[in-house]
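For reference, the structure is listed below as structure tokens.
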Amino acid sequence: MTAPLKHSASVTVDVALGDRAYDIVIGRDVLQSLGERVAALRPGVRTAIVTDRTVAKHWLEPTEASLAAAGVPTSRIVVEEGEGSKSYATLTEVSEALIAAKIERNDLVIALGGGVVGDLAGFAAAILRRGVDFVQVPTSLLAQVDSSVGGKTGINSPQGKNLIGAFHQPVLVIADTSVLDTLSPRQFRAGYAEVAKYGILGDEAFFAWLEKNHTDIFAGGAGREHAIATSCRAKAGVVSRDERETGERALLNLGHTFGHALEAATGFSDRLFHGEGVSVGMVLAAEFSAQLGMISSDDAGRIARHLSAVGLPTRLQDIAGFAQEGLADADALLALMAQDKKVKRGKLTFILLEAVGRAVIANNVEPQPVRDFLQAKLKA
Ligand SMILES: NC(=O)c1ccc[n+]([C@@H]2O[C@H](COP(=O)([O-])OP(=O)(O)OC[C@H]3O[C@@H](n4cnc5c(N)ncnc54)[C@H](O)[C@@H]3O)[C@@H](O)[C@H]2O)c1
Ligand SMILES: O=C(O)C(=O)C[C@@H](O)[C@H](O)[C@H](O)COP(=O)(O)O
Ligand SMILES: [Zn+2]
């Protein structure tokens, strides 16, 4: 593991994908360099920024100023914030606005926002004129460590998460860590679940470092940039080896089979943010693995303890409104999981754990033990 960065340093992580390779530039104030980097990458290009209302309020003007200073023409498309914007309706809105702005095949879409904007704008770019390049400017912790990297783009269907989408890699990622200063504590925490995910699935030393340094990360110390860069390196490595998720990339889905079903069961609402669903999902995956005798209950408990220590939900009962509105029953949750993209010939695939730092892909998982496990957890 690398030594923590000095606060002011910026770091570049390469996503090695041959002729589609790109840089992730991480550091405080790197947003100021967006315009000159775009102009150098694509001389003469025109751009359209897609963002949401909250992000626009804080970060649209500095983004436009950087592009203007480098002589890059731009227009803006502002959508509602929240998971509800990963919808057919908002995709139509963004696509029509890009067409109206006369964004041509050689122009660039710029996704300025969290994972919702990144997934939505990236997908709109993937299908506009059969494919326009795009730049990710992630503004949430979650987007800086996960969603802006790797090219998964898409929207939700009422029947499940990310069911309509495309692989479409960005040509550049600019992760300015100072923009996280305006993110709400709950959203920051939700993003932290995906940071912890990299430790839990493949890097025990990083997880141990997070256990010691999480306070510094939350407080905005130098550990924050280190955690973001380490996460990006982990994701870039996996994506460069398995871009289309034919194998190893599925490990990045740790906690997501449960988590996505929980997000769908709570109506993709503010009851449960994506990162919060991943937190509960990772604990469920660890406990299910322990029940199967794959991981020690000590290790499963260690994961739950750390996520709980930073204030993330770890049990179904922690989901907002559980006591008042409840959740779907075990059969309904299982039905939602049947739409998971890792399902093969109707059989569930889970990412399970053998230890902290050792995740495995389990194909052909029988539904009955999962159902019984969920039923017990709903009653716990
Ligand atoms: N494509 C991928 O590989 C991938 C990976 C992980 C998650 N995702 C997707 O990402 C989405 C979740 O992303 P998210 O957690 O960033 O949610 P989000 O995009 O909804 O952003 C969270 C909230 O924070 C606000 N916000 C963002 N940046 C801000 C800033 N700097 N200051 C103030 N407010 C800010 C947004 O307006 C929003 O209300 C989910 O849809 C999930 O499925 C995709
Ligand atoms: O990049 C990946 O691969 C991931 O699985 C990262 C996840 O954190 C992310 O939520 C992703 O969108 C989930 O992918 P999906 O294929 O299950 O929709
Ligand atoms: Zn995720």
Side-chain angles (χ1 to χ4, degrees), residues 31 51-60 62-63 78-87 111-123 136-157 160-170 175-195 197-198 201 231 234-236 238-239 242-257 259-261 263-264 268 270 272-279 281-282 337 339-343 349 351:
L31 181 58
T51 191
D52 73 29
R53 278 191 318 191
T54 307
V55 176
K57 197 168 66 192
H58 297 290
W59 299 107
L60 185 52
T63 305
V78 182
V79 303
E80 297 267 312
E81 61 279 329
E83 189 69 32
S85 283
K86 275 176 60 172
S87 64
L112 172 71
V116 165
V117 162
D119 284 12
L120 171 72
F123 186 42
Q136 288 269 20
V137 183
T139 62
S140 67
L141 178 63
L142 184 141
Q144 295 194 350
V145 300
D146 194 346
S147 62
S148 63
V149 178
K152 277 190 179 178
T153 70
I155 58 170
N156 302 324
S157 148
K161 269 293 275 199
N162 304 336
L163 293 186
I164 311 295
F167 285 100
H168 187 52
Q169 299 291 342
D176 185 334
T177 54
S178 67
V179 309
L180 301 177
D181 295 347
T182 57
L183 193 64
S184 77
R186 182 179 169 200
Q187 290 289 4
F188 189 90
R189 214 165 30 241
Y192 182 85
E194 302 269 27
V195 175
K197 179 184 79 175
Y198 295 107
L201 75 86
S231 302
K235 181 150 188 185
V238 172
V239 167
D242 179 23
E243 183 183 7
R244 297 268 170 153
E245 199 174 304
T246 55
E248 177 189 2
R249 183 165 182 172
L251 296 174
L252 299 177
N253 235 244
L254 174 65
H256 285 64
T257 310
H260 280 171
E263 280 186 85
F268 302 120
D270 285 0
L272 188 71
F273 295 150
H274 175 74
E276 295 171 336
V278 171
S279 176
M282 289 194 294
M337 287 182 203
Q339 288 289 6
D340 187 81
K341 287 178 286 319
K342 301 186 298 305
V343 167
T349 296
I351 310 308

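Both counts, for ligands and for their atoms, begin at 1 and track the order of listing. Just so you know, these numbers use all the heavy atoms, side chains as well, and skip hydrogens, waters and symmetry mates. One is the number of the first residue; the rest follow in order along the sequence.
- When only non-hydrogen protein atoms are considered, atom 4 (C) of ligand 1 lies nearest to S147 CB, 3.2 Å.
- Looking at E83 against ligand 1, only its side chain comes within 4.0 Å, counting heavy atoms.
- In this structure a side-chain-to-backbone donor-acceptor pair under 3.5 Å is missing from Q144 to T139.
- Heavy-atom proximity to G114, at under 4.0 Å, picks out these atoms of ligand 1: 16 (O), 19 (O).
- For H274, the N, O or S atom closest to the Zn ion (ligand 3) goes by the atom name NE2.
- The shortest contact between atom 3 (O) of ligand 1 and any protein heavy atom is with K235 NZ, 3.2 Å.
- Heavy-atom contacts of K152 reach the following atoms of ligand 2: 1 (O), 2 (C), 3 (O), 4 (C), 5 (O), 14 (O), 15 (P), 16 (O) (cutoff under 4.0 Å).
- Shortest contact from atom 20 (O) of ligand 1 to any protein heavy atom: V116 CG2, 3.3 Å.
- Contact between G275 and A193 at its shortest, heavy atoms only, is O-CB, 3.1 Å.
- Considering backbone and side-chain N/O atoms, D52 comes within less than 3.5 Å of an N/O atom of ligand 1.
- Using a 4.0 Å cut-off between charged nitrogen and carboxylate oxygen, K341 and E245 do not count as a salt-bridge pair.
- For atom 34 (N) of ligand 1, the closest heavy atom belonging to the protein is T54 CG2, 3.7 Å.
- Of all the atoms in ligand 2, the ones that sit under 4.0 Å from a non-hydrogen atom of N162 are 12 (O), 18 (O).
- Taking 4.5 Å as the limit, every side-chain heavy atom of H274 sits out of range of all side-chain heavy atoms of V116.
- Shortest contact from atom 9 (C) of ligand 1 to any protein heavy atom: D119 OD2, 3.4 Å.
- When heavy-atom distances to ligand 1 are checked against a 4.0 Å cut-off, R186 has no atom that comes that close, whether in backbone or side chain.
- The closest approach between any non-hydrogen atom of H256 and ligand 2 is below 4.0 Å.
- For the residue pair R249 and E243, the shortest heavy atom distance occurs at NH1-O, 2.9 Å.
- Nearest protein heavy-atom contact of atom 1 (N) of ligand 1 is K152 O, 2.8 Å.
- When hydrogens are left out, the protein atom nearest atom 13 (C) of ligand 2 is N253 ND2, 3.6 Å; that is the closest non-hydrogen contact.
- With no hydrogens or angles considered, a side-chain donor-acceptor pair links N253 and K342 at under 3.5 Å.
- Distances from ligand 2 to the non-hydrogen atoms of K342 include no value under 4.0 Å.
- Under 4.0 angstrom from ligand 1, the non-hydrogen atoms of W59 all belong to its side chain.
- Residue L180 places every heavy atom at 4.0 Å or more from ligand 1.
- Any N or O atom pair closer than 3.5 Å counts here, and V179 shares at least one such pair with ligand 1.
- Backbone and side-chain nitrogen or oxygen atoms of E81 are examined, and none is located within less than 3.5 angstrom of a nitrogen or oxygen of ligand 1.
- Residue-to-ligand polar distances place K161 within reach of ligand 1: an N/O pair is separated by less than 3.5 Å.
- Remark: minimum distance from atom 14 (P) of ligand 1 to any protein heavy atom is reached at G115 N, 3.5 Å.
- Here the options are L201, L252, L251, the test is side-chain contact (heavy atoms from CB on, under 4.5 Å), and the partner is V238; only L252 passes.
- Contacts between D146 and ligand 2 below 4.0 angstrom, taking non-hydrogen atoms only, involve the side chain exclusively.
- Below 4.0 Å from some heavy atom of E194 lie the following atoms of ligand 2, by number and element: 8 (O).
- Using a cut-off of 2.8 Å, one finds that E194 contributes an N/O/S atom close to the Zn ion (ligand 3).
- Heavy atoms of L142 found under 4.0 angstrom from ligand 1 belong exclusively to the side chain.
- Atom 3 (O) of ligand 2 has R249 NE, 2.7 Å as its closest protein atom, hydrogens excluded (heavy atom only).
- At a heavy-atom distance under 4.0 Å, no atom of K161 approaches ligand 2.
- Heavy-atom distances between E263 and ligand 1 stay at or above 4.0 Å for every pair.
- Side-chain contact of W59 with T51: a donor-acceptor pair under 3.5 Å is absent, judged by distance alone.
- For atom 23 (C) of ligand 1, the closest non-hydrogen atom of the protein is Q187 NE2, 3.3 Å.
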